[in-house]
Amino acid sequence: MAEPVSGLLLNAAAGVAAWVLLVLLAGCAVLVPIGGPGVRPLVRVRSMVHSLATFQLARAARVLGHEPAGPERAEGRETAWLAVQAVTGPGGVLLVGGVLSADAVLWDLQAVRPNSPLTLALSLAVVAIVAVAVAAVPLLDRAQAWLAELILRPGDTDRVRQLTESRAAAVSAQAAELRRIERDLHDGAQARLVSVRMNLGLARSASDPAQVRALLGEAWESAGQALADLRDLVNGIHPPVLADRGLAGAVEAAALHVPITVDVDIDLPARPEAPVESAVYFAAAEALTNAAKHSGAHRAWVRLGHSGGVLRLVVGDDGRGGADPGGTGIDGIRRRLSAFDGTLDVRSPAGGPTEFIVEIPCALSSQKISPS
Amino acid sequence: MRVVIAEDLALLRDGLVRLLSASGFEVVEAVDNGPMLLSALTRHRPDVAVIDVRLPPTLTDEGLRVALEARRRRPGLPVLILSQYVEQLYARELLSDQAGAVGYLLKDRIGDVEQFVEAVRRVAAGGTAMDSEVIGQLLTRRERDEPLGRLTPREHEVLALMAEGLSNAAIAARLLVTDKAIAKHTNNIFAKLGLPPSDDHNRRVVAVLAYLKAEPG
């Protein structure tokens with residue numbers, strides 16, 4: 001009983017929040033066209049709406065007892081849900097309150113005419129009404145959860161379009177990656193090994209000891225460069241530390257690679273699937289590199305956690321902000337995440353701070369993260 | 001000098017055995033997995049162990065974990081970790097007990113036989129052998145810092161070699177200058193970085209590494 005009651009109260013709170021956000025949205029809608037505060041406040045409000053909707057969806061999934069849907073942005077659906085929530089949220093509490101206050105009225109009637117046969121009937125009615133109210137609370141909670149899912153969850157057509165797009169993006173990203181690896185091998189390690197063999201061949205047929213020594217020296221140098229090329233390539237495909245230590249260890253290692261101070265706060269009780277780990281790792285590495293290279297930041301922070309079926313990564317820095325949310329690196333990350341219904345949100349107002357927020361719906365395995 | 005080798009690829013394991021035997025080491029055992037390494041380290045109590053970071057059965061950082069575990073059981077057990085790549089995270093874990101006698105080198109460095117053998121001897125003697133790539137990354141991390149910026153390019157070079165674990169004599173040989181010149185540089189470096197001067201070589205390396213590992217201020 002405690003859960004549905006707190007659910008009802010949470011719904012009411014969400015309803016109040018919905019009112020506030022609706023007023024803010026309306027304010028932005030009026031002010032932005034007349035050149036008021038610009039689009040930034042609107043973006044802020046939108047992201048708050050999105051957070052509230054994501055929270056409600058996660059709760060709805062819990063109440064209805066199934067896997068949560070991915071965090072997905074659909075502004076139209078979110079606004080519609082806000083309007084409905086503004087009414088039904090406080091409505092639930094009011095309804096239950098109304099029924100219970102009817103009880104109080106009956107109770108008063110009974111006090112007016114004591115000892116009449118009516119007293120028994122009235123008492124029975126009071127009990128019945130309380131029972132109805134008690135039964136209604138979980139039903140209301142479920143109804144509200146169902147309503148939230150109905151409005152916020154994408155329909156089948158939307159979902160099919162979305163899956164088709166993200167699959168195409170994932171396939172083309174993979175093809176591009178293979179092309180890059182082929183090119184790197186061809187121009188790097190392969191070419192260097194050809195030169196090693198050439199120099200060794202020459203050394204084999206040379207008779208002058210000084211010449212042999214020089215050729216061996218060249219071969220030795222080229223072999224070393226081939227190793228360095230291969231190491232860089234391997235790191236770009238799947239960093240060994242990710243296999244060794246999982247996402248938590250690899251993100252910690254990535255934080256040590258950048259020349260700024262990074263506060264790392266990771267709370268993952270277990271490991272996600274390997275492909276998700278990889279996508280999130282590269283997102284974190286890209287965001288940290290951007291923070292160190294372009295933002296002029298002194299400090300950065302990484303927060304990584306999992307709740308309500310969603311893995312959430314935040315990489316922020318105290319730099320000058322104004323990061324391009326559509327740069328090539330960021331686009332690549334976004335395509336990679338989309339294959340898992342993941343999203344990347346870049347918040348970077350001029351003057352900073354910049355925050356990269358990655359959300360990806362996934363389950364954690366029971367495999368424990370092994371300690372160092 | 002008695003050495004235990006752990007490397008799962010036969011080609012490299014045989015190469016290491018040959019290379020170290022030819023350089024006057026006695027290879028008491030060469031193993032190809034983590035559990036056997038741990039028992040070899042306990043049984044033979046070698047003067048130094050040369051360990052590939054990635055070993056079966058997990059094929060993750062098994063070699064490093066076994067090395068750390070062996071050093072927990074026997075503090076200061078000399079271990080030199082070899083790897084195809086270097087991670088600051090692992091260097092940090094190896095150095096964290098401050099007991100010295102640790103090495104962490106890229107496998108590429110075996111190709112420079114003379115320097116590699118010197119590094120194994122240094123670790124066996126309680127010294128440090130950090131890969132120049134580890135030190136390079138640490139220095140880049142701190143390069144925006146005021147005290148490091150005050151070092152001359154030459155002092156920078158000397159600091160990097162000192163952090164790798166080289167003695168004054170070895171640094172002098174590498175840079176083709178006299179021991180005395182290096183002693184002067186090291187004194188200047190310690191003064192500029194505000195580190196207490198120390199004649200004990202190993203303690204000096206620990207101090208420099210601790211300084212470089214600290215968060216940039």
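Proteins come first, then strands; the chains are lettered A, B, ... in the order of their sequence lines, and each starts at number 1.
Ranked by non-hydrogen atom pairs under 4.5 Å with chain A, the options B/Leu59, B/Leu106, B/Thr58 are led by B/Leu106. Note on B/Val53, B/Leu89, B/Asp61: by heavy-atom pairs under 4.5 Å with chain A, the leading option is B/Asp61. In terms of heavy-atom pairs under 4.5 angstrom with chain B, the leader among A/Pro240, A/Ala243, A/Ala253 is A/Pro240.
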A/Asp244 vs B/Arg54, test: side chain to side chain contact (heavy atoms under 4.5 Å, CB included). Steps then yes/no.
CA-CA 9 Å; A/Asp244 290 354; B/Arg54 178 176 293 192; 4.3 Å; yes
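Contacts between A/Val234 and chain B at a heavy-atom distance below 4.5 Å are absent for every atom of the residue. Contacts between B/Glu133 and chain A at a heavy-atom distance below 4.5 Å involve the side chain alone, from C-beta outward. If you measure heavy-atom distances from B/Gln137 to chain A, the contacts under 4.5 Å come from the side chain alone. For A/Ala255, the part sitting under 4.5 Å from any heavy atom of chain B is the backbone (N, CA, C, O) and nothing else. For B/Leu64, the part sitting under 4.5 Å from any heavy atom of chain A is the side chain, from C-beta outward, and nothing else.
Across all non-hydrogen atoms, the minimal contact from A/Val241 to B/Tyr85 is N-OH, 4.0 Å.
The local environment of CZ in B/Arg43 is crowded, with over 12 non-hydrogen atoms from other residues, nucleotides or ligands closer than 6.0 Å. The environment of B/Arg45 atom CZ is sparse: at most 12 non-hydrogen atoms of other residues, nucleotides or ligands sit within 6.0 angstrom. Residue-environment remark: CD (B/Glu69) exceeds the threshold of 12 foreign heavy atoms within 6.0 Å.
Remark: B/Glu93 engages A/Arg245 in a salt bridge, criterion side-chain N to carboxylate O under 4.0 Å.
At a heavy-atom cut-off of under 4.5 Å, chain B is reached by no residue from residues 177-199 of chain A.
Among residues two or more places apart in sequence or in another chain, the side-chain hydrogen bond (donor to acceptor under 3.5 Å, both in side chains) test is passed with B/Arg71 by B/Asp97. Remark: B/Thr186 engages no residue in a side-chain hydrogen bond (donor to acceptor under 3.5 Å, both in side chains) (not counting sequence neighbours). Every residue was checked against the side-chain hydrogen bond (donor to acceptor under 3.5 Å, both in side chains) condition with B/Gln84, not counting sequence neighbours, and none meets it.
Counting heavy atoms from C-beta outward, B/Asp108 and A/Arg231 have side chains that approach closer than 4.5 Å.
Atom CD of A/Glu252 sits about 12.5 Å away from atom CD of B/Gln88, to the nearest 0.5 Å. To the nearest 0.5 Å, atom OG1 of residue B/Thr60 and atom CG of residue A/Leu242 are 12.0 Å apart.
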